[in-house]
Amino acid sequence: MSPRVRFAPSPTGVLHIGSVRTALFNWLYARHNGGKFLLRIEDTDKVRSTEQNTKLIFEILEWLGIDWDEEPVIQSTRLVRHREVAEAMVKDGRAYRCCCSQEELAAKKEKALSEGKPYKYDGTCRDKNIVDAQSVIRLKSKLDGNTTVIDLVQGAVTVENAQLDDFVLLRSDGTPTYMLSVVVDDHDMGITHIIRGDDHLTNTFKQVQIYEACGWTVPSFAHIPLIYGPDGAKLSKRHGAASAVDYRELGYLPETISNYLLRLGWSHGDDEIISRDEAIEWFDLRNIGRSPSRFDMKKLQNLNSHYIRQRDNASLLSYVLPLLKKQIGEIEEKRILRGMDGLKTRAKTVVELAEAAAVYIAAPTHYDDACSKYVTDVHISLLRDVVSVLDQIGDSVTEEQVAQSIKELAEKRGVKLIEIAQAMRVALCGRLVSPSVFQIIEIIGTNETVSRINSFISCSVYPGSCS
RNA sequence: GUCUCCUUCGUCUAGGGGUCUAGGACACCGCCCUUUCACGGCGGCAACACGGGUUCAAAUCCCGUAGGAGACGCCA
């Protein structure tokens with residue numbers, strides 16, 4: 001039978017980057033094995049769930065190229081079914097109604113805590129046969145013996161049933177708890193393999209008891225380790241960015257995110273750059289490591305620069321355009337496209353790419369402090385010579401022609417080329433880092449170059465007066 | 001506190017008894033290329049948590065210890 005897996009996020013917060021990895025692993029498992037990848041929105045917490053978060057889940061998955069089969073299941077629409085299963089379990093004697101008040105339970109819990117004992121529901125109502133519809137429904141869990149789960153990632157994990165208590169299946173308001181709803185939905189959706197974060201490992205034992213109480217086939221489990229921040233604690237906002245949406249906004253490409261997330265905690269020999277097709281072909285749960293891994297922003301950046309270099313210029317342009325501060329014309333667009341080869345080897349994110357593309361749009365409006373090193377009388381005088389040289393050649397020149405002329409000038413003036421090039425860079429871009437100045441001139445033309453240099457000279461007589 | 005899981009360079013990892021004086025990648029440091037910064041090339045630094053076993057032989061198997069994480073809700 002071909003596997004059916006699911007990704008079941010809850011729209012109570014922004015989509016965590018760790019959840020995205022869970023989604024990716026499920027998706028790869030399905031695609032590798034020719035199975036189905038399903039989606040279920042766990043929105044039973046009506047107070048915290050939002051429409052916006054749900055929308056973003058779909059949006060990010062699409063952005064990453066993680067497509068799903070069948071219509072997504074909205075958990076909140078299945079309330080009646082959840083209730084029905086709980087009632088049936090009561091009828092079968094596998095669960096029971098409990099009328100202990102939350103105050104009573106809180107007091108017992110506090111007492112246990114103060115005595116240093118682990119808290120468990122004590123089963124007060126277990127044999128009472130309560131009929132009150134306002135009561136909760138608890139599972140009559142096993143009191144002795146062990147439950148063993150053969151986890152596809154963690155191996156065999158055994159827990160004594162005595163560790164578990166009669167946990168709640170249905171709340172007093174008639175809504176299901178997470179434990180009940182996941183099991184019922186996974187069963188009804190025909191899920192064969194549950195691949196999820198290992199923070200659910202201990203829940204698994206409770207869920208297995210529900211499966212058994214209902215007489216349903218227990219699916220296979222694979223609990224993948226969580227992602228931590230650089231300090232070893234759970235990855236959160238505190239570390240800069242924890243949401244998938246954040247990474248998109250920071251200028252990371254979808255293929256970077258997929259590749260990075262896949263490689264984090266999973267490996268295929270020494271391979272680092274892994275295409276989508278290779279990932280599908282190679283993916284195997286057995287290669288998932290059992291230890292948690294830390295998120296490394298530097299490695300993510302490195303991968304992103306790789307994928308930026310791999311991208312064709314037109315697609316990069318489409319990423320850059322919306323990031324530019326203002327609307328630009330066709331001429332500027334063409335310039336950026338021509339300059340893209342020079343820009344893309346220097347950018348770690350598409351945000352940086354957009355910033356660097358500014359050279360092709362207009363003269364700088366701001367000059368970095370470090371530029372002052374190249375704003376001396378000597379440099380200004382060199383720039384005047386550059387203007388005279390450029391004035392003698394037409395507007396349309398090649399990179400090589402400009403380079404040749406400037407090299408000759410450097411020789412004539414007896415200075416190193418770098419002195420002239422850096423002064424030109426400052427005048428043209430307002431910064432010390434940019435693509436080749438000669439290439440910039442080829443793209444913007446000598447007329448604009450001369451005009452930028454002249455306006456720079458005229459206001460740089462007193463360095464700093466122009467910023 | 002109880003239960004469960006984890007532990008190879010700073011980070012991600014390869015490794016499944018001898019081929020390990022432990023390999024790759026990122027980061028870092030040099031050098032080369034070079035108009036800047038990148039890219040690219042070459043080189044360097046750097047790890048089997050600790051203690052006991054088992055074995056002719058252990059990073060690899062077993063048991064402890066320490067450290068880390070997760071779960072213990074009428075949240076998901």
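All values below come from the heavy atoms of this structure, side chains included, with hydrogens, waters and symmetry mates left out.
Protein atom CD1 of Ile441(A) is 15 Å distant from nucleotide atom P of rU36(B), rounded to whole Å. Remark: P of rC12(B) and CD1 of Ile288(A) are 16 Å apart, rounded to the nearest angstrom. Atoms CZ (Phe295(A)) and P (rA27(B)) sit 15 Å apart, rounded to a whole Å. Going from atom CG of Asp231(A) over to atom C1' of rG10(B) covers 14 Å, rounded to whole Å. In this structure, CZ of Arg290(A) is placed 18 Å from C1' of rC12(B), rounded to the nearest angstrom. Taking atom NE2 on His200(A) and atom C1' on rC72(B), their separation rounds to 14 Å, with Å as the unit. Atom P of nucleotide rG73(B) and atom OH of Tyr178(A) are separated by 15 Å, given to the nearest angstrom. Rounded to whole angstrom, the span from the CG atom of Leu432(A) across to the P atom of rC37(B) amounts to 9 Å.
Residue Asn203(A) is in base contact, counting any heavy-atom pair closer than 4.0 Å across all strands shown. Among the protein residues, Cys100(A) comes within range of the nucleic acid bases, having at least one heavy atom under 4.0 Å from a base atom. Across all strands shown, Lys109(A) has heavy atoms under 4.0 Å from sugar-phosphate atoms exclusively, and none from any base. Residue contacts for Ser436(A): at a heavy-atom cut-off of 4.0 Å it reaches a base atom on one of the strands shown. Contact annotation for Val168(A): backbone-only contact, meaning every heavy-atom pair under 4.0 Å involves sugar-phosphate atoms and none involves a base. Using a 4.0 Å heavy-atom cutoff across all strands shown, Gly289(A) reaches no nucleic acid atom at all. Residue Val136(A) is classed as a base contact, given a heavy-atom separation below 4.0 Å to a base. Using a 4.0 Å heavy-atom cutoff across all strands shown, Pro230(A) reaches no nucleic acid atom at all. When heavy atoms are screened at a 4.0 angstrom cut-off, Phe438(A) is found touching base atoms of the nucleic acid. Residue contacts for Thr175(A): at a heavy-atom cut-off of 4.0 Å it reaches no nucleic acid atom on any strand shown. Using a 4.0 Å heavy-atom criterion, one finds that Met424(A) contacts no nucleic acid atom at all.
Relative to the side chain of Tyr119(A), the nucleotides rG73(B), rC5(B), rC26(B) differ in distance, and rG73(B) lies closest. Listed nucleotides rG24(B), rA38(B), rC12(B) differ in distance to Glu272(A); the shortest reach to its side chain belongs to rG24(B). Here the nucleotide nearest the side chain of Ser172(A), chosen from rA76(B), rG40(B), rC74(B), is rC74(B). Checking rU36(B), rC3(B), rC6(B) against every side-chain atom of Val159(A), the shortest atom distance belongs to rC3(B). Distances were taken from every side-chain heavy atom of Thr202(A) (C-beta onward) to each of rG70(B), rU35(B), rA38(B); the shortest belongs to rG70(B). Side-chain proximity of Arg309(A) to the nucleotides rA76(B), rG70(B), rG40(B) is greatest for rG40(B). When each of rA76(B), rC3(B), rU35(B) is scored by its nearest atom to the side-chain atoms of Gln163(A), the top-ranked nucleotide is rC3(B). With distances taken from any side-chain atom of Val157(A) to the nucleotides rU36(B), rU35(B), rU4(B), the minimum falls on rU4(B).
Side-chain N/O atoms of Lys299(A) and base N/O atoms of rA27(B) include no donor-acceptor pair closer than 3.5 Å. For Ser434(A) against rU36(B), a side-chain-to-base donor-acceptor contact under 3.5 Å is absent. Side-chain atoms of Thr177(A) stay outside donor-acceptor range of the base of rC74(B), with no qualifying N/O pair under 3.5 Å.
Across all strands shown, rC5(B) forms a Watson-Crick or G-U wobble pair with rG68(B), both key distances being under 3.5 Å. rA59(B): no Watson-Crick or G-U partner with both key distances under 3.5 Å is found in any strand. In this structure rU34(B) sits in no base pair that meets the Watson-Crick or G-U test at under 3.5 Å. Using Watson-Crick or G-U wobble geometry with both donor-acceptor distances under 3.5 Å, rC20(B) finds no partner in any strand shown.
Taking SG of Cys99(A) as the start and CD of Glu104(A) as the end, the distance is 7.5 Å to the nearest 0.5 Å. The structure places CD1 of Ile441(A) at 7.0 Å from CD1 of Ile444(A), a figure rounded to the nearest 0.5 Å.
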Name the pairs: protein N/O against N/O of nucleotides 20-23 of chain B, kept only if under 3.5 Å.
residue, atom, partner, partner atom, Å
rG23(B), N2, Asp270(A), OD1, 3.0

Give each protein N/O atom lying under 3.5 Å from an N/O atom of nucleotides 29-33 of chain B, with the pair distance.
none

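On the P atoms, rU60(B) is 15 Å away from rC6(B), given to the nearest whole Å. The separation of rC26(B) from rC74(B), taken at their C1' atoms, amounts to 47 Å, rounded to a whole angstrom.
With respect to Arg346(A) and Glu352(A), no salt bridge is recorded, no charged nitrogen being found less than 4.0 Å from a carboxylate O. Ion pair Lys299(A)/Glu272(A) flagged as a salt bridge, since at least one NZ, NE, NH1 or NH2 atom sits closer than 4.0 Å to an Asp/Glu carboxylate oxygen. Comment: Arg40(A) engages Glu42(A) in a salt bridge, judged by a side-chain N to carboxylate O separation of less than 4.0 angstrom. Arg78(A) has a carboxylate O that lies under 4.0 Å from a charged side-chain N of Asp185(A), or vice versa, which qualifies the two as a salt bridge. Glu419(A) has no carboxylate O lying under 4.0 Å from a charged side-chain N of Lys373(A), or vice versa, which leaves the two without a salt bridge.
When each of Ser291(A) and Arg294(A) is assigned the nucleotide of RNA chain B with its nearest heavy atom, Ser291(A) is the one assigned upstream, toward the 5' end. Toward the 5′ end of RNA chain B lies the nearest nucleotide of Ser293(A), the other residue of the pair Cys98(A) and Ser293(A) mapping further downstream.
Under the 6.0 Å distance and 45° angle rule, Arg138(A) counts as a cation-pi partner of Tyr121(A).
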Check the pair Lys407(A), Glu400(A) against salt bridge (charged side-chain N to carboxylate O under 4.0 Å, His left out), reporting the backbone distance first and the verdict last. CA-CA 10 Å; Lys407(A) 277 175 188 163; Glu400(A) 291 72 24; over 6 Å; no

Go through Asp296(A) and Lys298(A) one step at a time and tell me if the salt bridge (charged side-chain N to carboxylate O under 4.0 Å, His left out) criterion holds. CA-CA 6 Å; Asp296(A) 183 3; Lys298(A) 286 280 180 62; over 6 Å; no

Candidate pair Tyr247(A) and Phe295(A), rule ring pair (Phe, Tyr, Trp, His ring centres under 6.0 Å), full reasoning: CA-CA 13 Å; Tyr247(A) 287 96; Phe295(A) 199 87; 5.4 Å; yes

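Note on Ser267(A): a side-chain N or O is less than 4.0 Å away from OP1 or OP2 of rA14(B). Residue Lys298(A) places none of its side-chain N or O atoms closer than 4.0 Å to OP1 or OP2 of rU11(B). Thr44(A) has a side-chain polar atom (N or O) that falls below the 4.0 Å cut-off from OP1 or OP2 of rA76(B).
Among the candidates Pro364(A), Cys371(A), Ser372(A), the single residue satisfying the side-chain contact (heavy atoms from CB on, under 4.5 Å) test with Asp368(A) is Cys371(A).
In Asp144(A), the CG atom is not crowded: 12 or fewer heavy atoms of neighbouring residues, nucleotides or ligands sit closer than 6.0 Å.
You'll find the ring centres of His379(A) and Phe456(A) outside the 6.0 Å limit.
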